[in-house]
Amino acid sequence: MMITLTHYLILAAVLFCIGVFGVVVRRNILIIFMSIELMLSAVNLVFLSFSRYLGTQDGHVWVFMVLTVAAAEAAVGLGIIVALFRNKQTIYVDEVKELKG
Amino acid sequence: MMQELLKIDWLVFLRQTLPLLLPLGGGGFLLLVGPFFKRSHRFNFIFSIAIALLALFFAWQEWLGATNQTVNLLLFDRFTYLFAILFLIALILTLLLSYSYLESFGLVRPEYYALLLFAVFGMMCMVAGHDLMVVFLGLEVMSVSVYVLAGFQRSNVLSVEAALKYFLVGAFASSFLLMGIAFIYGATGTTDLIVLHQKGLGMLAGETRVYALVGLSLLAVGLGFKIALVPFHFWAADVYHGAPVIVTTFMATAVKAAGFGAILRVVWALFQWEPLLFANMIWVASVLTMTIGNIAALTQKNLKRMLAYSSIAHAGYAILPLVAFSKQGASVTSSISFYMLAYILMTVGAFAVLIALSEKEEKCTIQDLSGLGTRKPFLAFSMTLFLLSLTGIPPTLGFFGKYYLFLQAVQAGYIWLAVIGVINSVISVYYYLGPVVAMYFSKETADQKVGPTYWSPQAVLVVIWFTFLGVSLFGLFPSNLLDLIQTSVSSWLVAGK
């Protein structure tokens, strides 16, 4: 069987949906964070498969940018999680609800 | 590629990018040299103000001589510099508010100034980029800096919680945005905004059309999160409430304006592929955002939270004229730009009054304002003016801003949309006048009489005076300002065709 563009796109869509589902359902911040990374990986897969399909290199450059941004976000995000843990000794979002009104 | 690089006149390019490079270089300098000046808060403060003023000067110079040139991935037209000037004004006002606040809350660290400068660099990239890649990278530079700023008071659990929520929602939204861009790339083979504008959806058929529509919807979700449109608004109130009030000021003004600047570029390039569908989407989003923002603001006791919901409502007003974008793009764009300027001035003013009242702890509830009319007549009067301007009562700047927004909708035949907008403004009178009533008609509580150590630092007063004069004078004479903005916008929309 030939593996076509559609197969890649469906795989990416499935990965993306798993990511969205993880963000919405899980309460552990680290797992939410991993789900977001999964969504970004799905994006990379879409870029690469379109890039291959269209025969242009732009998609590859985009993947580098997405990876860089994901790394920067990871650095800042983990820092924020550490700051939260120092204040509250928890990494579950449903225990973090000081702000309301 | 080499040939292309050689063709660029580097000196001209340097001059054109100077308003962007100055904040970037200044922020880097503060981080590298900051450790040696750690004790000198004053140095960091004066240095950042100087950088911002210098960038403002060059942005103005470039605005005067803008040539609509595109160099590599950047677009140097008057629209870019207009928004650069808006961001720099918001930056300078925020910086002036910050000095005394940081001192009294024990948050003196050079990173604060560096992050503000980096954020402004990111915002300028968002507006200057003519490739989605630059827009996206600018957005991320801005967002990542602001995540950190929101949690800057890291021993305060509220601030850290705000940073966490902002970060999770922001990263979630970014992946939607990216997925949208990926599909648009797949449909068209490019992410260049000018090429995308010229392509148009009419030429796409079959599978590529499906990709394009998927891309557009995901992109719209991502952008909706970023500027807090209903139903993607739930994070804004918590984040604005928890962050230090100086950062809230920055987020509510500069970050929002940057979002709108980028949205105008993207709408121009992409969403005109399907003008009718787009207009309907905007219609629904605008009505929902206005109404839900205003209704949620009605019950708020904390002014930071109230202003957060009001900022959601104002995003609803500001996207309202986009329904008419395909018919009268230039005037729609200038009405939104004008509103952003008005919104920056009045919101910074309102927050500045709150900052002037906060010494050791933030005083942001309505009770804290009670009796302010007799204790601090000027603060109370200017707060009243800012709130009236946010409501949209003439002759303030906010009135003219809203008038131009609604005018666009009426001219394009969306009478009902304008009517809903006006009804929403009437609802908002209730919560904007709450603080005014408290300031003038309610008695001071006992502890306020005991401790009247009201401390209003000079820099904060300067900001209040500046915004006060801006809101009232431009409210009386808005036409020059509007001319200036229309000139900036028309050069861009002509250049793209």
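All values below come from the heavy atoms of this structure, side chains included, with hydrogens, waters and symmetry mates left out. Every chain is numbered from 1, with letters handed out A, B, ... down the list of sequences.
For the set E73(A), K88(A), M65(A), the entry with the most heavy-atom pairs within less than 4.5 Å of chain B is E73(A). Ranked by non-hydrogen atom pairs under 4.5 Å with chain B, the options I36(A), V93(A), L40(A) are led by I36(A). In terms of non-hydrogen atom pairs under 4.5 Å with chain B, the most contact-rich of G79(A), A42(A), S51(A) is S51(A). Put simply, of V96(A), V76(A), N44(A), the one with the most heavy-atom pairs under 4.5 Å next to chain B is V96(A). Chain B forms more heavy-atom pairs under 4.5 Å with one residue of Y53(A), W62(A), F47(A) than with any other, namely W62(A). Contacts with chain A were tallied for V144(B), N156(B), T191(B); T191(B) has the most, counting heavy-atom pairs under 4.5 Å.
A 4.5 Å side-chain heavy-atom check between L218(B) and L177(B) finds every atom pair outside the cut-off. A heavy-atom distance below 4.5 Å is found between the side chains of L30(A) and L78(A).
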message: Determine whether D238(B) and Y166(B) satisfy the following criterion, side chain to side chain donor-acceptor pair (under 3.5 Å), listing intermediate values before the conclusion.
response: CA-CA 9 Å; D238(B) 282 352; Y166(B) 196 26; over 6 Å; no

CA sep, side-chain torsions, deciding dist, call: S310(B), Y432(B), side chain to side chain donor-acceptor pair (under 3.5 Å): CA-CA 9 Å; S310(B) 116; Y432(B) 283 129; 2.9 Å; yes

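More than 12 heavy atoms of other residues, nucleotides or ligands shown are found within 6.0 angstrom of CZ on R27(A).
A cation-pi arrangement is not found for R26(A) relative to F33(A), the charged atom failing to lie both closer than 6.0 Å to the ring centre and inside a 45° cone about the ring normal.
Contacts of F167(B) with chain A are made by side-chain atoms alone, with heavy-atom separations under 4.5 Å and no backbone atom involved. Contacts of L164(B) with chain A are made by both backbone and side-chain atoms, with heavy-atom separations under 4.5 Å. Only the side chain of I32(A) comes within contact range of chain B, with heavy atoms under 4.5 Å apart. Only the side chain of Y211(B) has a heavy atom closer than 4.5 Å to any heavy atom of chain A. When heavy atoms are compared at a cutoff of 4.5 Å, V20(A) approaches chain B by way of both its backbone and its side chain. Residue F136(B) touches chain A through its side chain alone, counting heavy-atom pairs closer than 4.5 Å.
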